[in-house]
Student: 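Sending over a structure as structure tokens; questions will come in a sec.
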Number of protein chains: 2
Amino acid sequence: MSHISNGVEYALHCLLFLSGRPGGAREASVRDLADLQGLPADYMAKLFTKLSKAGLVRATEGVRGGFALARAPAAISVLDVVDAIDGGKALFECREVRQRCAVFEGNEPDWTGVPPCTIHAVMLSAEQRMREELARHTLADLAHRVATVTPPAYNQSVVTWLDTRAASKRPGRAES
Amino acid sequence: MSHISNGVEYALHCLLFLSGRPGGAREASVRDLADLQGLPADYMAKLFTKLSKAGLVRATEGVRGGFALARAPAAISVLDVVDAIDGGKALFECREVRQRCAVFEGNEPDWTGVPPCTIHAVMLSAEQRMREELARHTLADLAHRVATVTPPAYNQSVVTWLDTRAASKRPGRAES
DNA sequence: GCGATGTTACTCGGATACTAACTGTCCGAGTAAGCCAGG
DNA sequence: CCTGGCTTACTCGGACAGTTAGTATCCGAGTAACATCGC
């Protein structure tokens with residue numbers, strides 16, 4: 001299992017669609033976002049509730065509701081998304097092996113408890129480097145980089161796909 | 001589950017004992033090393049075979065056999081140990097979400113395959129930063145730092161523990 | 001006394017559970033927007 | 001014309017199964033060192 005889960009990737013792709021819409025700040029439903037990318041919709045709903053609790057997106061309820069970014073794309077970093085989805089789990093969990101040393105025979109001295117253990121310190125610094133790199137990139141950066149790769153016709157077709165999808169479903173007794 | 005497993009921690013602690021022995025290059029059996037630190041011995045044996053395959057330690061078979069470092073402590077980095085135990089697994093696995101976009105309807109264009117996807121690139125750079133930090137620290141560095149924290153009496157008692165342990169078991173019909 | 005045999009402790013590798021996390025699905029409750037019927 | 005009810009599509013949250021990786025244990029095979037036994 002990779003440390004950064006698939007959920008993070010799913011969420012980032014969806015957030016990119018949300019931030020990439022021209023004119024900004026329009027909202028989209030989870031189901032449309034998931035179907036557009038071939039992702040499991042129910043699972044995405046779970047991920048979006050996590051994003052909402054982290055304050056990255058804002059939900060509007062009811063019919064024609066959906067999610068929109070709660071902040072500007074430039075104010076949301078990849079690290080924010082990773083922490084929101086994966087819960088800020090540690091890269092490494094120290095098991096405090098030093099305290100189990102057989103030489104102590106049950107009563108370990110006080111110097112083994114001093115934080116952090118030497119090996120743990122190395123892992124913490126490595127994790128810090130990783131987090132710094134993730135924090136350097138924002139949704140705006142990613143969206144801009146994606147825009148340089150994708151042809152404009154693709155962006156247009158995505159917009160029309162979402163629009164026709166939104167138009168096809170309307171509340172009330174439409175099909176009766 | 002943390003990305004850097006407990007096995008890496010176990011291995012690093014054992015390697016520190018191996019590199020910290022004064023006079024260097026003496027060997028110790030897996031069972032002694034495990035019992036000294038209260039670690040599962042059978043599991044440690046598996047980890048040491050991984051270390052051996054990676055060329056970090058050298059095994060001598062038979063009675064009074066054991067493991068010794070294959071290189072100088074200054075020539076073994078924490079990254080070497082992580083890769084040997086955890087198999088160099090990726091921090092993030094790209095699922096190539098772009099190729100599933102519903103707009104394509106089965107026939108994705110060629111530009112989605114260009115490596116790597118924008119999100120993947122960010123994760124790769126973050127992983128690279130982490131690996132650089134892990135590669136900066138060697139066993140010699142760790143051993144030196146540990147030596148500044150632990151009292152000298154502790155090191156002496158560990159040596160005597162290992163020696164008495166080695167002396168208590170001898171082949172042949174010792175206990176008859 | 002010297003070589004053959006046996007015992008012991010080690011490495012090596014496979015087979016097998018157990019546990020935890022991630023992934024994905026299903027379902028019910030609550031809410032807002034629009035449509036329709038009745039006053 | 002206006003108000004109340006109804007339908008719909010959404011969010012929200014819990015419950016649950018499948019898969020995978022890490023953790024841990026057990027066991028058998030092969031090997032080297034040393035003690036003992038037999039010549």
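Below, read A as the first sequence line, B as the second, and so on, with proteins coming before strands; counting in each chain starts at 1.
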Student: Starting at NZ of Lys46(A) and ending at C1' of dA15(D), how long is that distance when rounded to a whole Å?
Tutor: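 So the NZ-C1' distance, Lys46(A) to dA15(D), works out to 9 Å.
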
Student: Can you identify which nucleotide, out of dT11(D), dT11(C), dC12(D), has its nearest atom closest to the Ser29(B) side chain?
Tutor: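 Looking only at heavy atoms from C-beta outward on Ser29(B), the closest nucleotide is dT11(C).
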
Student: Nearest whole angstrom, please: distance from the P of dT23(C) to the CD1 of Ile4(A).
Tutor: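 Ile4(A) atom CD1 is separated from dT23(C) atom P by 12 Å.
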
Student: Can you check whether Ser5(B) has a side-chain N or O nearer than 4.0 Å to OP1 or OP2 of dA21(D)?
Tutor: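 Result: no.
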
Student: Just call it for Lys89(B): base, sugar-phosphate, or nothing, with non-hydrogen atoms closer than 4.0 Å on any strand.
Tutor: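 Lys89(B): backbone/sugar contact only, no base atoms under 4.0 Å.
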
Student: State whether the side chain of Thr60(B) and the backbone N or O of Gly65(B) hold a donor-acceptor pair below 3.5 Å, judged by distance alone.
Tutor: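 Side chain of Thr60(B) to backbone of Gly65(B): no pair is present.
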
Student: Got a list of side-chain donor-acceptor pairs under 3.5 Å for residues 6-17 of chain A, not counting sequence neighbours?
Tutor:
{"residue": "Glu9(A)", "atom": "OE1", "partner": "Arg95(B)", "partner atom": "N", "Å": "3.1"}
{"residue": "Glu9(A)", "atom": "OE2", "partner": "Arg95(B)", "partner atom": "N", "Å": "3.1"}
{"residue": "His13(A)", "atom": "ND1", "partner": "Glu9(A)", "partner atom": "O", "Å": "3.1"}

Student: Measure CD/Glu93(B) against C1'/dT20(D) and give the value in whole Å, please.
Tutor: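 Result: 11 Å.
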
Student: How many Å lie between CG on Leu33(A) and P on dA9(D), as a whole number?
Tutor: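 For the pair Leu33(A) CG and dA9(D) P, the rounded distance is 18 Å.
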
Student: Is any side-chain nitrogen or oxygen of Tyr10(A) closer than 4.0 Å to OP1 or OP2 of dG24(C)?
Tutor: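 Yes, Tyr10(A) has a side-chain N/O under 4.0 Å of OP1/OP2 on dG24(C).
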
Student: Does OP1 or OP2 of dA32(D) have a side-chain N or O of Thr60(B) closer than 4.0 Å?
Tutor: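 Looking at the OP1 and OP2 atoms of dA32(D), neither is under 4.0 Å from any side-chain N or O of Thr60(B).
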
Student: So, does Lys89(A) use its side chain to make a donor-acceptor pair with the main chain of His3(A) at under 3.5 Å?
Tutor: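 Answer holds: yes.
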
Student: Counting C-beta onward and ignoring hydrogens, is there a side-chain heavy-atom pair between Arg71(B) and Asp80(B) closer than 4.5 Å?
Tutor: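 Side-chain contact under 4.5 Å: yes.
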
Student: Which residue, Asp42(A) or Gly65(A), contacts DNA chain D at a nucleotide closer to its 5' end, judged by nearest heavy atom?
Tutor: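 That would be Gly65(A).
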
Student: Quick one: Asn6(B) CG to dG22(D) P, roughly how many Å, whole number?
Tutor: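 Rounded to the whole Å, the gap is 11 Å.
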
Student: Between C1' on dT11(C) and OH on Tyr43(B), what's the gap in Å once rounded to a whole number?
Tutor: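 Taking OH of Tyr43(B) and C1' of dT11(C), I get 18 Å after rounding.
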
Student: Thr49(B) or Arg95(B): which one's nearest nucleotide on DNA chain C is closer to the 5' end?
Tutor: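 Result: Thr49(B).
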
Student: If you look at every heavy atom in Phe92(B) and Ile119(B), which pair is closest and at what distance?
Tutor: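 Reported closest heavy-atom pair: CZ-CG2, 4.4 Å.
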
Student: Donor-acceptor pair, distance only, cut-off 3.5 Å: does the side chain of Thr164(B) make one with the backbone of Thr160(B)?
Tutor: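 A pair under 3.5 Å: yes.
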
Student: Look at the side chain of Lys53(A) and the base of dG13(D), then say whether one donor and one acceptor between them are separated by less than 3.5 Å.
Tutor: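 Result: no qualifying N/O pair found.
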
Student: Starting at NZ of Lys50(B) and ending at P of dT11(C), how long is that distance when rounded to a whole Å?
Tutor: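 So the NZ-P distance, Lys50(B) to dT11(C), works out to 17 Å.
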
Student: Closest to the Val63(B) side chain: dT8(C), dC10(D), dT23(D)?
Tutor: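 Nearest to the side-chain atoms of Val63(B), counting from C-beta on, is dT8(C).
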
Student: Enumerate the residue pairs fulfilling side-chain hydrogen bond (donor to acceptor under 3.5 Å, both in side chains) with a member in residues 135-145 of chain A, sequence neighbours excluded, ordered by first and then second residue.
Tutor: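 Of all non-adjacent pairs touching residues 135-145 of chain A, those that pass side-chain hydrogen bond (donor to acceptor under 3.5 Å, both in side chains) are Glu133(A)-Arg136(A), Thr138(A)-Asp141(A).
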
Student: dG24(C) P sits how many Å from Glu9(A) CD, rounded?
Tutor: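 Rounding to the nearest Å, CD of Glu9(A) and P of dG24(C) are 11 Å apart.
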
Student: Looking at dG34(C), I'd like to know if its phosphate oxygens (OP1 or OP2) sit under 4.0 Å from a side-chain N or O belonging to Arg64(A).
Tutor: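 Yes.
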
Student: Can you name the nearest heavy-atom pair linking Lys50(A) to Ala84(A), along with the distance?
Tutor: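 Looking at all heavy atoms of both residues, the shortest contact is CB-O, 3.8 Å.
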
Student: Below 3.5 Å between N/O atoms, which protein atoms pair up with nucleotides 17-19 of chain C? Just atom names and distances, please.
Tutor:
none

